[in-house]
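First up is the structure itself, then whatever we jot down about it.
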Amino acid sequence: MRVAVAPGWLVVLLVSACAHHSSERPVSTGCSAPGTLCWDFEEGRLPEGWTPFRDEFSGQLLVDDTRARGGRYALHASQLVGGREGEQGGPKKTVRFQLPKDFGPVLWGRVHVYVTPARPASHAGLFNARYPRPGSQDTAFEALDWYEVATYQEKYMAIWHPPEPPGFPEWVQVSDTPLVLDRWACVEWLFDGANGEAPQAAEPRVWLDGVELQWPRRFVFADPPTQTPPTREKARDFTVLEAGVFLYQGLSTPTDWWLDDLAVGPRRVGCE
Ligand SMILES: [Ca+2]
């Protein structure tokens with residue numbers, strides 16, 4: 001009963017104290033930290049600096065007010081459909097953003113995602129970030145190594161890729177965690193292209209609602225197949241981001257994704 005009549009500010013203090021005490025994660029910095037970039041889409045249109053990129057098969061990618069995690073607007077991949085599961089080629093609707101110079105080789109990110117009505121079986125990319133190869137000054141999109149966060153066979157997935165095309169042989173990690181459907185989920189990632197003194201860039205790491213995903217399936221994908229893992233080349237500076245939804249195989253169920261409160265930075269941004 002005493003809890004029920006506690007003043008609002010006391011409840012807030014208690015909740016904050018508990019949340020802080022139970023945290024064993026790297027410290028989150030939020031959007032105000034130096035070098036952090038955040039997009040809430042509240043302009044009601046594509047934010048400054050983002051430009052349309054991929055546009056294949058049916059559907060639309062737009063900022064609209066049909067569903068938002070915060071405020072009124074979000075980035076909406078609407079009614080994507082096309083091609084067939086198990087066959088190459090699928091709906092791709094994305095936007096690109098050129099990062100400020102000297103972003104650095106470590107990229108944390110987060111986005112809140114809402115998907116409905118079904119989990120795609122096909123490889124569905126949501127976000128990637130790219131960087132020039134070691135010793136190369138070539139910043140053309142197709143010359144860049146890249147990390148990706150996606151879903152595949154209805155589970156979360158993370159990949160390190162050499163330049164695209166063809167984008168493989170690639171190092172693939174598939175989680176045992178099903179894609180969250182019909183509610184907002186916070187997806188965070190760490191692309192550590194520096195990886196200290198290690199000879200290769202780190203494998204990608206991903207968190208779902210604050211819990212780090214595990215990767216019971218890890219393999220090399222290439223066409224034709226190979227067993228030789230790619231060398232994950234180290235990064236000097238991430239240069240470009242791509243967000244939206246990009247299916248590498250077909251999608252027969254018209255599906256909607258909303259992305260809101262997208263953020264990247266050199267330190268962990270966190271979900272709030
Ligand atoms: Ca918003």
Side-chain angles (χ1 to χ4, degrees), residues 12 15-16 19 25 27-55 59-80 91-100 103 107-120 124-129 147-151 156 179-191 206-211 238 240-247 254-272:
V12 168
V15 169
S16 307
R25 303 188 281 149
V27 174
S28 303
T29 57
C31 284
S32 56
T36 303
L37 300 166
C38 291
W39 296 278
D40 62 11
F41 304 101
E42 293 307 303
E43 305 89 337
R45 55 182 164 75
L46 210 52
E48 190 179 340
W50 287 91
T51 54
F53 184 41
R54 298 182 212 249
D55 186 6
Q60 267 193 299
L61 182 66
L62 69 173
V63 174
D64 70 15
D65 62 355
T66 53
R67 189 185 301 279
R69 188 260 175 183
R72 178 175 170 189
Y73 296 97
L75 183 64
H76 180 198
S78 171
Q79 294 291 289
L80 267 56
K92 296 181 179 68
K93 311 284 168 181
T94 67
V95 289
R96 261 167 70 168
F97 181 86
Q98 203 69 33
L99 286 168
F103 182 90
L107 187 142
W108 283 90
R110 73 105 202 277
V111 67
H112 293 267
V113 185
Y114 190 111
V115 188
T116 196
R119 300 179 178 92
L126 295 171
F127 176 90
N128 65 74
Y147 283 95
E148 178 190 357
V149 175
T151 64
Y156 292 93
L179 165 61
V180 170
L181 215 54
D182 296 318
R183 72 166 174 85
W184 288 99
C186 175
V187 179
E188 294 178 273
W189 54 85
L190 171 57
F191 301 160
V206 179
W207 289 256
L208 177 68
D209 292 330
V211 177
F238 282 92
V240 63
L241 312 177
E242 182 181 11
V245 180
F246 38 106
L247 283 109
T255 305
D256 281 55
W257 285 256
W258 287 264
L259 282 69
D260 204 357
D261 295 321
L262 172 65
V264 300
R267 284 170 288 279
R268 190 171 191 168
V269 184
C271 285
E272 292 311 316

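Just so you know, ligand 1 is whichever comes first in the structure, and atom 1 is the first atom listed for that ligand. Worth saying up front: this structure is predicted, and the values here are computed from it rather than measured.
Listed for the Arg72 side chain is no donor-acceptor partner under 3.5 Å among the backbone atoms of Asp65.
With 3.0 Å as the limit, Asp40 counts as an N, O or S neighbour of the Ca ion (ligand 1). At a cut-off of 3.0 Å, Gly70 is counted among the residues with an N, O or S atom near the Ca ion (ligand 1).
Taking a cutoff of 4.0 Å between a charged side-chain nitrogen and a carboxylate oxygen, Lys93 and Asp55 qualify as a salt bridge.
Annotation: cation-pi geometry satisfied between Arg67 and Trp258 (NZ/CZ under 6.0 angstrom from ring centroid, within 45° of ring axis).
Take the N/O/S atoms of Glu42: the one nearest the Ca ion (ligand 1) is OE2.
Side-chain contact check for Thr116 and Asp182: at least one donor-acceptor pair (N or O, by modelled atom type) lies under 3.5 Å.
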